[in-house]
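Structure, as structure tokens:
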Amino acid sequence: MAYEKELDAAKKAASLAARLCQKVQKALLQSDVQSKSDKSPVTVADYGSQAVVSLVLERELTSEPFSLVAEEDSADLRKDGSEDILQRITKLVNDTLATEDLTKAIDSTLTTDDLLRATDCGTSEGGPNGRHWVLDPIDGTKGFLRGDQYAVALGLLEEGKVVLGVLACPNLPLTSIAGNKNSSSSEETGCLFYATIGSGTYMQPLDSKSDPVKVHVSSVENPEEASFFESFEGAHSLHDLSSSIASKLGVKAPPVRIDSQAKYGALSRGDGAIYLRFPHKGYREKIWDHVAGAIVVTEAGGIVTDAGGKPLDFSKGKYLDLDTGIIVANEKLMPLLLKAVRDSIAEQEKASSSL
Ligand SMILES: Nc1ncnc2c1ncn2[C@@H]1O[C@H](COP(=O)(O)O)[C@@H](OP(=O)(O)O)[C@H]1O
Ligand SMILES: [Mg+2]
Ligand SMILES: [Mg+2]
Ligand SMILES: [Mg+2]
């Protein structure tokens with residue numbers, strides 16, 4: 001199979017990073033949370049996860065030139081007053097790597113300088129040429145802080161196209177979340193979704209060696225029977241617009257609101273049939289929020305486009321250049337969805353121009 005070595009490395013990296021996140025989420029302290037310059041939250045686990053993935057990829061794929069486009073960087077960790085937090089992250093990463101006996105291979109225990117260096121491996125800009133790993137070390141940090149859904153999302157771009165994606169979703173139930181969104185019941189949770197180009201999408205439990213199962217998007221053809229996913233956070237997506245689209249389509253079920261690319265994972269196994277994402281005006285989508293999720297859904301038979309029906313173009317660097325919004329559905333529902341999206345956006349524009 002193509003990309004076998006890369007897939008093994010990516011699964012190992014994302015699973016180990018997820019283990020670090022689980023540990024932090026269990027014992028989350030307010031002092032572990034900082035605010036970035038754009039006011040979004042970042043935790044010791046975001047940094048720790050990024051360092052773990054970067055170190056594991058570097059170790060497992062020694063023969064490859066290594067370029068990583070990742071969400072976090074070390075600027076805030078280098079500021080005066082950050083020494084304690086940097087020590088904590090370094091210990092977390094060392095403890096996590098030690099569980100896999102990777103520390104020996106990674107040249108004994110990491111220092112805080114090693115940690116900073118590993119974090120900054122992720123400063124590549126991506127683009128249309130060559131290979132770039134794309135990482136969101138915790139996607140859905142707000143969900144992570146609430147104790148809800150989040151994902152470690154790792155993808156690989158080759159000449160601007162996504163060829164591999166892994167999503168580790170520690171809080172996602174192994175069985176369908178349909179009608180059971182952030183499930184905090186005793187149900188078993190922790191899913192690892194993965195896909196390589198042309199080979200389908202698979203899911204396996206995050207923390208066990210049980211066999212992977214091949215997954216497929218929902219085959220629902222009648223929108224009345226479809227359910228749709230959207231961001232939990234109203235600040236990330238226009239809930240009013242999705243509600244207007246859903247009612248045009250005749251969707252009966254209420255929206256399923258969950259954080260992170262866990263939505264793409266859940267869609268790839270048919271928990272819901274549609275994903276609607278319409279950021280507020282002026283927001284620019286970053287590639288790490290969609291690379292892994294997009295291939296996980298497309299290899300499971302789904303379609304991911306912008307609101308105008310164009311495929312997402314991951315070759316433009318860190319940002320996605322797109323017409324309003326991102327939508328996902330199966331092949332049968334997509335034409336109806338595109339029409340409902342077009343009509344709802346036109347109505348919204350008409351209403352706002354008449355104000
Ligand atoms: N105003 C905004 N509009 C749309 N997306 C936003 C946003 N502010 C942050 N985001 C992105 O939304 C992601 C979470 O998506 P979701 O709403 O599906 O959980 C965040 O990822 P991080 O949590 O990795 O920062 C962040 O990149
Ligand atoms: Mg963030
Ligand atoms: Mg993200
Ligand atoms: Mg993130």
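Order of appearance sets the numbers: ligands from 1, and atoms from 1 within every ligand.
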(request) Apply salt bridge (charged side-chain N to carboxylate O under 4.0 Å, His left out) to Lys91 and Asp95, showing your working. (result) CA-CA 6 Å; Lys91 179 168 182 336; Asp95 291 351; 2.7 Å; yes
(message) Going by side-chain hydrogen bond (donor to acceptor under 3.5 Å, both in side chains), Asp259 matches just one of His236, Arg146, Lys142. Which one?
(response) Arg146
(message) Parallel, tilted or perpendicular, judged at 30° and 60°: which one describes the rings of Tyr150 and Phe144?
(response) perpendicular
(request) Collect the protein residues that have a non-hydrogen atom under 4.0 Å from ligand 1 and hand them over in chain and number order. (result) Glu71, Asp136, Ile138, Asp139, Gly140, Thr141, Ser231, Ala235, His236, Asp259, Ser260, Lys263, Arg277, Pro279, Tyr283, Asp289
(request) Evaluate the criterion salt bridge (charged side-chain N to carboxylate O under 4.0 Å, His left out) for residue pair Lys12 and Asp8; output intermediate values, then yes/no. (result) CA-CA 6 Å; Lys12 186 186 264 185; Asp8 284 347; over 6 Å; no
Check this for me: [X], atom [atom1], are more than 12 non-hydrogen atoms of other residues, nucleotides or ligands nearer than 6.0 Å?
X	atom1	answer
Glu233	CD	yes
Asp240	CG	no
Asp80	CG	no

(request) Could you please tell me which protein N, O or S atoms lie under 2.8 Å from the Mg ion (ligand 2)? (result)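 Hits for the Mg ion (ligand 2) below 2.8 Å: Glu71 OE2.
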(request) State, with a plain yes or no, whether a side-chain heavy atom of Tyr194 is found less than 4.5 Å away from one of Leu154. (result) no
(message) On a heavy-atom basis, which atom in Arg19 and which in Thr99 lie closest, and how many Å separate them?
(response) NH1-OG1, 3.0 Å
